[in-house]
Amino acid sequence: MRLIKLFRHHVSALVAIVALLIVQATSELALPSYMSEIVDVGIQQGGIASAVPDAMRADTLAQLERLMPAGDATAVEAAFAPADEAGVRAYQGSAADAREGSALEASLARAEVQALAAATGQDAGQLTDTMTEQMAVQFVRAEYEAQGRDLADVQYAYLGSTAATMFALCLVGLACAVAVGAIASRTASTIARDLRRDTFRKVMSFSPAEVNGFSQASLITRCTNDIQQLQMTATLFMRMVLYAPIMGVVAVMRVVQTSTGLEWTIGVAVISVCAVVGVLVGLTMPRFKRMQRLIDRVNLVAREMLDGLMPIRAFGRQAHELGRFDDASRELMETQLFTNRSMSFMMPLMMLVMNCVTILIVWFGARGVSDGVMQVGDMMAFMSYTMQIVMAFMILTMVAVMLPRAEVAAERIDEVATCESSIREPVRPELPAADAPRGELSFSHVSFRYPDADGEVVSDVSFTTRAGQMTGIIGSTGSGKSTLVQLIPRLYDVTAGSVALDGVDVRAWPLGELRRRIGYIPQQGRLFSGTIECNVRFAGDSVSEADARRAADIAQATGFIEGCEGGWDSEVSQGGSNVSGGQRQRLAIARALAKRPEVAVFDDSFSALDYKTDAALREAIARELTDTAVVVVAQRVATIMHAHEIIVLDDGRVVGRGTHEELLRSCPEYLEIAESQLSAAELGLVEEGGER
């Protein structure tokens, strides 16, 4: 079971819990035996525990010794002190010899029964063990009365000492239960914490391909709901699942010691419980697996609706989307109802089993009491032990409600943990030589296709850019522009060819070092909750305050930052929802430039900027980033028309390369895009006389 693997680093905690549970079970299961003694000895026998009295008159002892063999008489004589002034001899032997079943007790009991039988005219040979014990107790009671002792004091003394012992056992059991609960809660919380950390760390290593394969909603569910299920089950496992077999074993040992002849009733109860659990778990296990998938679906639908709230309202599709959510929620509800209804039969069936077993014990135990082979207290103790054994199985069945779901949750988390990321650290990392060119980015016959896709998104692309140069990439929608630049920081890996930075294949770079040298600004610049300064200095301590201010100046963000009420300390909401799209893009650009990258990759990062800000930003980049290679993906020709080289993509292939002027003359695809955005005069296509 995957659940057991969670405890591989917490063996010491499990050992401590098992030890405490053994002590707790032993303490709690000692109580029925003391209860039996209270009934049999404290009530029925007036507090007289055995045939060995704590004091006996000398003439009575001499009479009993005459009825014993010589060896037994010698042992009995030595167990009592010399007679006092009143002619009474006090017991001076060990407590063990005075207990029921000892050799000394058996010798005295036989002699006492013979003496009492002779006095009453009964045949001692026809008496059962229980009758023999009761007659010996009657003899001791008569002896105490003859000594003038108050029998009520004897009874109260026995009941008081037994009650004190039971109270002490209860305190021990309580202390063990509290300690087990504390250790179990701490251990389960630690397991959940480590599991969340490891699982999310694995998720953070995934490429977009793995994230899309699981879906963001499913990964969130696995990192939260599934791990919470495992934490809850781990706590129950340590507190109840481990306790149940310990309780059952100790109870069975007590039952064997009781020897009532009713042990077969336990077998009937256990078989009945196992049958009920087997049927219910078999019915619900497939539904638990389906339930987790449906939770993923509900989260996915909810996430889609929240992310697309504005277009949903704009198109008036609230009712339709709410219907989609209701359908997903209703299907989850129906599955949960089936499992809950199935499991709701468990407790009534368990109670039916317990009550039937109780009836069997009382029915057949009453016959034993009537025949004189069993005492009432023994029957009560056996009933308690049997109920404890059945309760142990009931505990397991109650936990069985959660175990299948926890197993499904563990399986889902294991899927994430064992999923191999397509982006891996190199086995033998390489770094460029000291004299290697800094900021040189080279694509060599690069091709790429998405996992499970039929065709290539990018095919046989080659170009090189260097520090101080700007390379523009343009093309129609779906031409592979964004996919191409995502290969630079290894968000995806090429399927053919190679991408090299400073002469070293990016797949050979240590991932951390590679991404430290690349400033990547995606299409959707996502900000994080915190201050503006925290977002701009997101790269860490390597970004100084001066670097952050310089990057904000280049990104044309200083003006609106200083215009905020809190300046650099102004709060940014999650996702940057409290700033405009253009402000969000400028902060994302500043964040990437603040770490002074070797290569700055702008993936259509100017789309939300007005033309004036766009022009100022491009001018600042050309002026300030003289030691940085700049790659710009753009939809607007004006953004890249001054680039040192422009790559034109069409259906993933390079259909044109050159400067703006060269492409206007040699690349029809570029000319078509340019003419759709700028006039012929703006493009410089109008010659003297007004003709092209």
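We use all heavy atoms of the structure for the numbers below, so side chains are in, but hydrogens, waters and symmetry mates are not. Given the structure is predicted, the values throughout are model-derived calculations rather than measurements.
- Thr26 contributes a side-chain N or O that, together with a main-chain N or O of Ile22, makes up a donor-acceptor pair within less than 3.5 Å.
- Between the side chains of Ser94 and Asp97, at least one donor-acceptor pair of N or O atoms lies under 3.5 Å.
- Summarising the geometry, atom OG1 belonging to Thr60 is positioned 10.0 Å from atom CD belonging to Glu112; distances are rounded to the nearest 0.5 Å.
- In this structure, Arg201 and Arg196 have side chains that are not in contact, with every pair of non-hydrogen atoms separated by 4.5 Å or more.
- Residues Glu143 and Arg57 are paired through a salt bridge, judged by an N-O separation under 4.0 Å between the basic side chain and the carboxylate.
- Under the 4.5 Å side-chain criterion, counting only non-hydrogen atoms from C-beta, Gln147 is in contact with Val88.
- Leu31 CG to Cys170 SG: the interatomic distance, rounded to the nearest 0.5 Å, is 4.5 Å.
- With Tyr144 as the aromatic partner, Arg149 meets the cation-pi criteria of under 6.0 angstrom to the ring centre and within 45 degrees of the ring axis.
- The distance from atom CZ of Phe139 to atom CD1 of Ile48, rounded to the nearest 0.5 Å, is 11.5 Å.
- Gln155 contributes atom CD, which lies 11.0 Å from atom CD1 of Ile38 (distance to the nearest 0.5 angstrom).
- Note that CD1 of Ile227 and CD of Gln229 are 11.5 Å apart. Values are rounded to the nearest 0.5 Å.
- Residues Asp72 and Arg110 are paired through a salt bridge, judged by an N-O separation under 4.0 Å between the basic side chain and the carboxylate.
- When all heavy atoms of Val140 and Ser50 are compared, the pair lying nearest together is CG2-O, 4.1 Å.
- No side-chain heavy atom of Val76 sits less than 4.5 Å from a side-chain heavy atom of Leu64.
- Tyr34 is listed as a side-chain neighbour of Thr165, based on a closest heavy-atom distance under 4.5 Å.
- Ring-plane geometry between Phe206 and Phe214 is classed as parallel, the angle between the planes falling under 30 degrees on a 0 to 90 degree scale with a further cut at 60.
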Could you walk me through whether Arg297 and Glu331 pass the side-chain contact (heavy atoms from CB on, under 4.5 Å) test, one step at a time? CA-CA 10 Å; Arg297 183 184 170 196; Glu331 195 170 357; 2.5 Å; yes
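- Side-chain contact between Leu219 and Gln216 is absent, with no heavy-atom pair separated by less than 4.5 Å.
- If you check the side chains of Arg186 and Thr190, you find no donor sitting under 3.5 Å from an acceptor.
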